[in-house]
Amino acid sequence: MDIPFNKPFLTGKEIVYIKQVLSTGKFSGDGVYTAKCHEFFEKDYGFKKVLLTTSCTDALEMAAILLDIKEGDEVIAPSFTFVSTVNAFVLRGAKIVFADSNLENPNIDPENLESLITSKTKVIVPVHYAGIACDMDRIMALANKYNLYVVEDAALAIDSYYKNQRLGSIGHLAAFSFHETKNIISGEGGMLVINDERFIKRAEIIREKGTNRSAFYRGEVNKYGWMDIGSSFLPSEITAAFLYSQLDGLENIQKKRKHIWRKYMEGLEELEASGVVRLPVIPDYATNNANIFYMICKSLQQRTDLMKVLAENGIASAFHYLSLHKSPYYDSKHGGRELTMADNYANCLLRLPLYYELTDIQISRIVAVIKVFFKS
Ligand SMILES: *Cc1c(COP(=O)(O)O)cnc(C)c1O
């Protein structure tokens, strides 16, 4: 493939900051670069409290511990998502009640959510697919009505908004990913955002193996000990330094990604107008952070054929999540309820290459191959 699906972007400062970490002799977590990243997200971004984690998966696992998820609790989440969204809660014994996706985009459909709520429901986990906001007012209203928690899976949602509110700032908790496939990266990496301050103190303890080492480092206690359950959820300073270099480049990265996204949109609009494919729909309340450019084919067969033609032309493309309610692990637990939109996105959604170094000429080539495919 001469056009890969993804190519992780380096700002060039990674090596500079990492060298600096290596020269200090302090490599473990919660050093200078972790503090710099925290400050960026709390001061510039305006999140109430953030904690870097080793992955978004870990941030979600912290959320499940923080919310005291226990055997028999129910968690509502979309079926069309990454396994970590729900596995984090299953680890604590939760039953997942899968919700279907919208007709207009793959996000959780708020229309049928209320019917899934029972006396055992504890959490709703909206996933902002492709960085495009879920209908958060409706989700938060339901959460308030039934006294539920909301954990935003904002893995893909850096730099995106719902009605002027940053994604990740709306639910009680939110989880971001800096995996190398996301807009900004640190290899593996993630972040827990704590919007409900009742959770701040305990989150620090859970992240530090169940100890109050964070308070000890701040000089608030004169020794630290085992306070609660927890695990090792904090990343090393090397990871934090990598991430900080990306935060420096965030504006520039986003400008380029949005340019690429618009080029695809312009190039493929006429195919959409003629009813051949569907392109992403950004609801009025949402912004676009150019995390993914996707198109929706008419059928699994059509998508398979198109992927083959793209590959023959040296262009990599990718489908996305397979419905979790039909996964080998959960199928027998799900109970057979049909989720037709989730299956439809699993079968028909196709993602095109989107990375910083993708050129206008390459985009034109990709668009041309797609147009020829649909003419034949
Ligand atoms: C990538 C992703 C995750 C997991 O992120 P990691 O940092 O790899 O753990 C979770 N949820 C969604 C929606 C994702 O796309």
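First listed ligand is number 1; within each ligand, the first listed atom is number 1.
- Residue H179 has no nitrogen or oxygen atom sitting less than 3.5 Å from a nitrogen or oxygen atom of ligand 1, judged on distance alone.
- In this structure, K122 pairs ionically with D73, as a charged nitrogen and a carboxylate oxygen lie closer than 4.0 Å.
- Under a 4.0 Å heavy-atom criterion, G189 is in contact with ligand 1.
- We find that D68 and R202 are joined by a salt bridge, their nearest charged nitrogen and carboxylate oxygen being less than 4.0 Å apart.
- One finds a salt bridge joining K48 and E197 here, because a Lys/Arg side-chain nitrogen approaches an Asp/Glu carboxylate oxygen to under 4.0 Å.
- For a threshold of 3.5 Å applied to N or O pairs, the pair formed by T81 and ligand 1 contains no separation below that value.
- A salt bridge links K49 with E204; the closest basic N to acidic carboxylate O contact falls under 4.0 Å.
- Using bins of under 30°, 30° to 60° and over 60° for the plane-to-plane angle, the ring pair Y330/F98 lands in the perpendicular bin.
- For ligand 1 and V127, the ligand atoms under 4.0 Å from any heavy atom of the residue are 13 (C).
- Ion pairing between R207 and E61 fails under the 4.0 Å rule for side-chain N and carboxylate O.
- Of all the atoms in ligand 1, the ones that sit under 4.0 Å from a non-hydrogen atom of C56 are 4 (C), 5 (O), 6 (P), 7 (O), 9 (O), 10 (C).
- Residue contact check: S55 has heavy atoms under 4.0 Å from atoms 7 (O), 9 (O) of ligand 1.
- Distances below 4.0 Å separate heavy atoms of L156 from the following atoms of ligand 1: 15 (O).
- For the pair F176 and ligand 1, no heavy-atom separation below 4.0 Å is found.
- Those atoms of ligand 1 that come under 4.0 Å of a heavy atom in T57, given as number and element, are 4 (C), 6 (P), 9 (O).
- In this structure, K182 is part of the shell of residues with a heavy atom less than 4.0 angstrom from ligand 1.
- Between F242 and Y17, a ring centre-to-centre spacing not shorter than 6.0 Å is recorded.
- Under 4.0 Å is where a charged nitrogen must lie from a carboxylate oxygen, and between E312 and K308 at least one such pair does.
- Between the choices I185, N87, D153, the shortest heavy-atom distance to atom 11 (N) of ligand 1 belongs to D153.
- Closest to atom 12 (C) of ligand 1 among all protein heavy atoms lies A155 CB, 3.3 Å.
- There is no path of hydrophobic side-chain contacts, each under 4.5 Å, that joins L234 to I185.
- At under 3.5 Å, not a single nitrogen or oxygen of F82, backbone or side chain, sits near a nitrogen or oxygen of ligand 1.
- The shortest N or O to N or O distance between Y321 and ligand 1 is under 3.5 Å.
- With respect to K163 and D137, a salt bridge is recorded, a charged nitrogen being found less than 4.0 Å from a carboxylate O.
- At the top of the distance list for atom 7 (O) of ligand 1, counting protein heavy atoms only, stands S177 OG, 2.7 Å.
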